[in-house]
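Single-structure report; data block below.
In the text below, chain A, chain B and the rest are named by the order of the sequence lines, each starting its count at 1.
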Amino acid sequence: MITEIAVYKPKEIESKWQNIWEKSQIYKAIDFDKRPKYYSLVMFPYPSGDLHMGHMRVYTISDVISRHRRMLGFNVLNPMGFDAFGLPAENAAIERKIPPKDWTLKNINHMKNDQLKRMGTSYDWGREVVSCNPDYYKWTQWLFLQFYKHGLAYQKEAPVNWCNKCQTVLANEQVEDGMCWRHDDTPVEKKKMRQWFLKITNYAEELLDDLDKLTGWPDRVKLMQKNWIGKSHGAELVFTVDESEDTCPRLQIPVYTTRPDTIYGVTYLVLAPEHSLVSGLTTKENKEIVEAYIKKASVLSEIERQSDSREKTGVPLGSYVINPYTGEKVPIWISDYALLDYGTGAVMGVPAHDIRDFEFAKKLKLDIKQVISIDGKESELKNAYTDPGIIVNSSQFNGLNSEDAKLKIIDYGEKEGFAKKRINYRLRDWLISRQRYWGCPIPIIYCEKCGIVPAPEENLPIVLPDNVEISGSGGSPLERAKDWVSVKCPKCNSDSKRETDTMDTFICSSFYYLRYSDATNDKEVFNKEKANYWLPVDQYVGGIEHAILHLLYSRFFTKAARDFGLVKIDEPFSNLLSQGMVTMFSPKTNKISKMSKSKGNVVGTSEFFDEYGADAARLFILFAAPPEQEVEWNKQGAIGQYRFLERIWRLFFILKEKAGLTVCDVRAFHEMPLHETPMEPPVRELYRVANYTIKSVSEDISDKKYIFNTGIARMTELVNCIYKIIQNKTSFTEIESKVLNFSITNLLKLLAPFAPHITEELWGMMGEKESIHLQKWPSFDEKALETDEVELVIQMGGKKIDVLKIKKGLPQKEIEAMAMSQEKVKIRMEGKELVKIVVVQDKIVNIVAR
RNA sequence: GCCCUUGUGGCGGAAUGGUAGACGCAACGGACUUAAAAUCCGUUGGUUUGUAUAAAGCCGUGCCAGUUCGAGUCUGGCCAAGGGCACCA
């Protein structure tokens, strides 16, 4: 009979062990330990308040990896912290009159102690970083100054993305489909403002090239970054403004093109409306329409400007340029389809061979001149012909293949001095200024005499002032902190002002993984040796939504830090796992959607943990799908995992009582090969399954695979197998006890990373004193996997006919004869001729007949 | 429009080119129970025939072709869904 003790009460044991682990500090990472290091990292969260099952997935995946590597004998660094600056804190301040700092710190406390710890995570909290604390953002500011000193931070006046809801500018990466990344209902506007940028474009080539080094990254993430960087090969061709027009000075206009082979087809030139040459090239007669057009273009939102259903617009300036290749005179236009910040801001219009130019020419009735054709003959073009072909209408280049012509045309232009090869990137510099309060102040001082003066390093941190009124409108809140803003110039001591913009919070998260290596250092951003010991991150886990944003910025920061002499590594994250979303039916969208507060489909963690435990929730979320796929939260399914744990719990006590098993008595057998010991077939089979489970789980959980769902399935099979063995038994022989012991002990170890609490509890009940999480990961007995009998599948023409149990390793001839003598085969062979027999040793025999 | 990914039972999902549907959920049946729950043991892709409690056959991994002794898996072409980029010259 099962006694009272055998009731599985997850709530009790989970909180008990969480407290014990915290006190004993078993997850502490040790700098420069002699064991090999393993840096396991999960993207640190924004402390928004309440974690739900959707958040839980990423922490669980990362935790299983950390625990497993620890058992494999690695010195594991598994840190946690908070990305604590950001807008929601300001919104809370506006809505609820709570200072952003108080709101943030309260949330951190809740998330840390009531949520993350309750999941059974194994963090080294001694390295916690909180990006809104001055001891952290001192280094954010210090790094900004390093960028500034190395010429990688600069100010520029430019049209920038503005979100009216956030009341701040945004980086290109934070604009999605023309909308603010935080507000998918708010179109981004263009505003001309003086702002701080980081020169990420200096690293465009390296950021692209080094993607090849990231063999442990998902291809789709690398591809997304590659497309984002958007390298293109082409040429810069220089057009000269026609001198015959008195109104126009003699000027040169370079254009960037990837299609120099179409140069003879140019029928106009188009400048971006904001292009600096526009006013100088506008004739008196055209002045009015040009100015009107510029004004109209400037108020267009990004979404309107990008809309592809929109028809092309533009106006002529009235002046002309000379095509350097043909000497032809073509008109200059402006149109908003030319972008100021790509290439040279000027485009050569080749309507015959570019879809956009074709549309433009049709709409505005400009000439269309064909210079490439499929067969070398001219034809009427109904659409732009953009494929390669034979060059026509192009003087000495006629008859060439257009691909070959590209190079020849550039070469010719280079000799003549009006062309050169050029590479262009879609990537733009990173706009980091934010007109917000709750962020890291930019350590810059404006002096009327000295201009831009960086704050001296010894004055860091520039602490964010408290008691600043936050209204959500009317410019940077810091502008209103008069006392804080006014400061003496560090150079000339005259009255000066602080920069009142704060930094994009993505700056804070671009080096936190480096700071973890030495999180409490108040002398340096981190100790070089410590960083070089721990970095790069061996396994990074996080959401696919950061495929570009955070991951690109962090790669950039690492390369810059390397060039500042701070670290040796080129890339911060060796392996990346992008987990899929957790979804559930949302009554708001009326379909299965990502679990989130705004969709109204959130399942909190506490309620489920109270009833069924964190272990069951962890198991379900890992079991329901492979990590990269979406998972739909399903309470019944999660209860299924709870039942699995209960089954193990009960099994443990059944064995303990019925068989009088105490595992510690037989510890010597845990990993001892037993395959030569005589066993009854069912026991032998259990021993085989137990070893197979060790092998499979080890493989599934390894860094080659990370498929936790199949690993859990194998453990379930082992438990099912043990239940079959012990069915209707009241006592066990010595060898049975040994095998059962072997199975249970190893099962607990295999399950420990997945379900850390229940395994720790049962492990303790075996009389073990040391935590299961400090045990060695089990190995298996290779010989035990072997079987004497195998199932032989008989196929005819590839279709399964029958299955036979045969002895393993029979010679091919014997297998063939056996197959042919089967009744089912004989019937089917009647009136047919044998063509051939294919035998796959111990697996399949396929009879082909005609 | 361009690029990428994915299509397998009622559901989530398994399957080094070699027995499709492991494992779980749901459903159903049996044992235990006065009963129910829980538990333990089973059944469960579709369909036809049958001695309908034993068995046997056919079809089946989005659709159409192809390669192969053999295709969920490889190749080509469609269709559908999801994601990324999108006037980047």
Side-chain angles (χ1 to χ4, degrees), chain A residues 2 176-178 218-228 230-232 234-235 255-259 262 270 272 305-308 310 312 335-339 341-350 353-357 359-360 386 424-428 544-545 547-548 580 619-620 623-626 628-641 643-644 646-647 650 654 696 707 709-720 723-724 726-728 791-803 824 835-840 842-849:
Chain A
I2 297 164
E176 294 171 353
D177 290 333
D219 289 337
R220 61 172 172 158
V221 174
K222 288 191 277 187
L223 191 70
M224 278 161 76
Q225 293 214 354
K226 187 182 169 210
N227 291 339
W228 188 262
K231 182 178 184 177
S232 82
V255 300
Y256 173 73
T257 181
T258 55
R259 296 295 305 273
T262 64
V270 60
R305 184 163 171 165
Q306 283 178 4
S307 164
D308 52 1
R310 208 176 131 245
K312 293 267 180 297
S335 171
D336 57 12
Y337 88 88
L339 307 173
D341 54 355
Y342 184 77
T344 62
V347 180
M348 63 183 214
V350 187
H353 306 292
D354 182 280
I355 295 163
R356 295 149 305 180
D357 296 348
E359 272 176 41
F360 188 75
T386 56
N424 237 321
Y425 300 92
R426 217 190 62 104
L427 182 71
R428 310 291 151 87
I544 187 72
E545 66 273 19
I548 292 169
L619 274 179
F620 172 72
F623 177 72
E628 302 212 339
Q629 274 181 44
E630 280 180 11
V631 156
E632 189 184 345
W633 175 258
N634 172 345
K635 191 176 176 186
Q636 273 313 314
I639 293 172
Q641 293 306 312
R643 281 202 289 261
F644 169 55
E646 256 191 325
R647 247 163 100 76
R650 230 176 282 119
I654 291 169
S696 314
I707 38 177
N709 53 335
T710 49
I712 295 168
R714 294 294 89 77
M715 290 189 269
T716 311
E717 282 167 349
L718 175 59
V719 172
N720 292 345
Y723 266 99
K724 288 230 174 69
I726 66 165
Q727 216 186 122
N728 307 321
E791 284 189 332
L792 179 76
V793 175
I794 301 177
Q795 293 186 337
M796 289 190 73
K799 277 188 173 181
K800 184 174 80 173
I801 298 302
D802 209 351
V803 182
K824 286 178 180 177
V835 178
K836 69 164 161 177
I837 303 182
V838 179
V839 177
V840 181
D842 297 333
K843 240 181 198 169
I844 260 178
V845 48
N846 189 10
I847 300 159
V848 187

Check your understanding: Counting just side-chain N and O atoms, does A:K724 come under 4.0 Å of either OP1 or OP2 of B:G42?
Key -> yes

Review point. Is the phosphate of B:A86, meaning OP1 or OP2, less than 4.0 Å from a side-chain N or O of A:R426?
Key: yes

Review point. Do the side chain of A:Y723 and the main chain of A:R647 share a donor and acceptor less than 3.5 angstrom apart?
Key: yes

Exercise for review: Would you mind reading off the distance between A:D336 atom CG and B:C87 atom C1', rounded to a whole angstrom?
Suggested key: 8 Å

Point to revise | Check: A:R259 side chain, A:T386 main-chain N or O, donor-acceptor pair, under 3.5 Å | key: yes

Check your understanding: Do you know the tightest heavy-atom contact between A:F644 and A:V719?
Key -> CE1-CG2, 3.6 Å

Review point. Of the nucleotides B:C87, B:A20, B:G18, which has the atom closest to the A:Q795 side chain?
Key: B:G18

Exercise for review: Might you point out which heavy atoms bring A:H353 and A:T262 nearest each other, and give the distance in Å?
Suggested key: CB-CG2, 3.8 Å

Give each protein N/O atom lying under 3.5 Å from an N/O atom of nucleotides 55-57 of chain B, with the pair distance.
{"residue": "B:G57", "atom": "OP1", "partner": "A:R828", "partner atom": "NH2", "Å": "3.2"}

Revision key, fill the gap. The answer to which of A:V848 and A:Y425 contacts RNA chain B further toward the 5' end, by nearest nucleotide, is A:V848

Exercise for review: Could you tell me the separation between the CD atom of A:Q636 and the C1' atom of B:A26, rounded to a whole number of Å?
Suggested key: 8 Å

Review point. With a 4.5 Å heavy-atom cut-off, do A:V255 and A:V347 have their side chains touching?
Key: no

Practice item. Determine which nucleotide pairs with B:G7, using a 3.5 Å limit on both distances of a Watson-Crick or G-U wobble pair. Key: B:C79

Exercise for review: Indicate for each nucleotide in nucleotides 12-17 of chain B, in 5' to 3' sequence, whether protein heavy atoms under 4.0 Å reach the base (B), only the sugar-phosphate (S), or nothing (-).
Suggested key: BSSSB-

**Study point:** Beyond-backbone contact of A:I712 with A:Q641, side-chain heavy atoms, under 4.5 angstrom
**Key:** yes

**Study point:** Protein-nucleotide distance (A:L339, atom CG; B:A89, atom P), rounded to Å
**Key:** 10 Å

Study note, to complete from the structure: Picking from B:U39, B:C23, B:U19, the nucleotide nearest the side-chain atoms of A:R643 would be B:U39

**Study point:** Nearest heavy atoms of A:W633 and A:A638, plus distance in Å
**Key:** CH2-CB, 3.7 Å

Review point. At what distance, to the nearest 0.5 angstrom, does NZ of A:K231 lie from CG of A:N424?
Key: 11.0 Å

Review point. With a 4.5 Å heavy-atom cut-off, do A:K635 and A:F620 have their side chains touching?
Key: no

Practice item. Report the distance from atom OH of A:Y723 to atom C1' of B:U39, rounded to the nearest whole Å. Key: 9 Å

Check your understanding: In residues 219-226 of chain A, what residues come within less than 4.0 Å of RNA chain B, judged by heavy atoms?
Key -> A:L223, A:M224

Point to revise | Distance-only donor-acceptor check, side chains A:N227 and A:R426, under 3.5 Å | key: no

Point to revise | Distance, nearest 0.5 Å, that separates CD of A:Q636 from CZ of A:R643 | key: 6.5 Å

Check your understanding: Atom CE of A:M796 and atom C1' of B:C69: how far apart are they, to the nearest Å?
Key -> 12 Å

Review point. Roughly how far, to the nearest 0.5 Å, is the CZ atom of A:R714 from the CD atom of A:E717?
Key: 4.0 Å

**Study point:** Nearest-nucleotide pick for A:E791, side chain only, options being B:C69, B:U19, B:A86
**Key:** B:U19

Check your understanding: A:D357 near the nucleic acid: base, sugar-phosphate alone, or nothing, with a heavy-atom cut-off under 4.0 Å?
Key -> nothing

Practice item. State whether the side chain of A:N846 and the backbone N or O of A:G797 hold a donor-acceptor pair below 3.5 Å, judged by distance alone. Key: yes

Review point. At under 4.0 Å, does any side-chain N or O of A:N720 touch on OP1 or OP2 of B:G24?
Key: yes

Practice item. Under a 3.5 Å limit for both distances, which nucleotide forms a Watson-Crick or G-U wobble pair with B:U16, could you say? Key: none

**Study point:** Nucleotide nearest A:V840 when distance is taken to its side chain, options B:G24, B:A86, B:G18
**Key:** B:G18

Revision key, fill the gap. Of the listed B:U39, B:C40, B:C85, the closest approach to the A:I548 side chain comes from B:C85

Review point. Out of B:A89, B:G70, B:C40, which nucleotide sits closest to the side chain of A:N846?
Key: B:G70

Point to revise | Whole-Å distance separating the CD atom of A:E646 from the C1' atom of B:C40 | key: 13 Å

Practice item. Measure the distance from NZ on A:K800 to C1' on B:G60 and round it to the nearest whole Å. Key: 13 Å

Practice item. Please confirm whether any donor atom in the side chain of A:N227 sits under 3.5 Å from an acceptor in the base of B:C85, or the reverse. Key: no

Check your understanding: In the structure shown, which nucleotide is the Watson-Crick or G-U wobble counterpart of B:G1, with both distances under 3.5 Å?
Key -> B:C85

Review point. What is the distance from NZ of A:K799 to P of B:U19, rounded to the nearest Å?
Key: 16 Å

Review point. Base, sugar-phosphate alone, or nothing: which one does A:F620 contact when heavy atoms must sit under 4.0 Å apart?
Key: nothing

Exercise for review: For A:G640, report the nucleic acid contact type (base, sugar-phosphate, nothing); a contact means any heavy atom under 4.0 Å.
Suggested key: sugar-phosphate

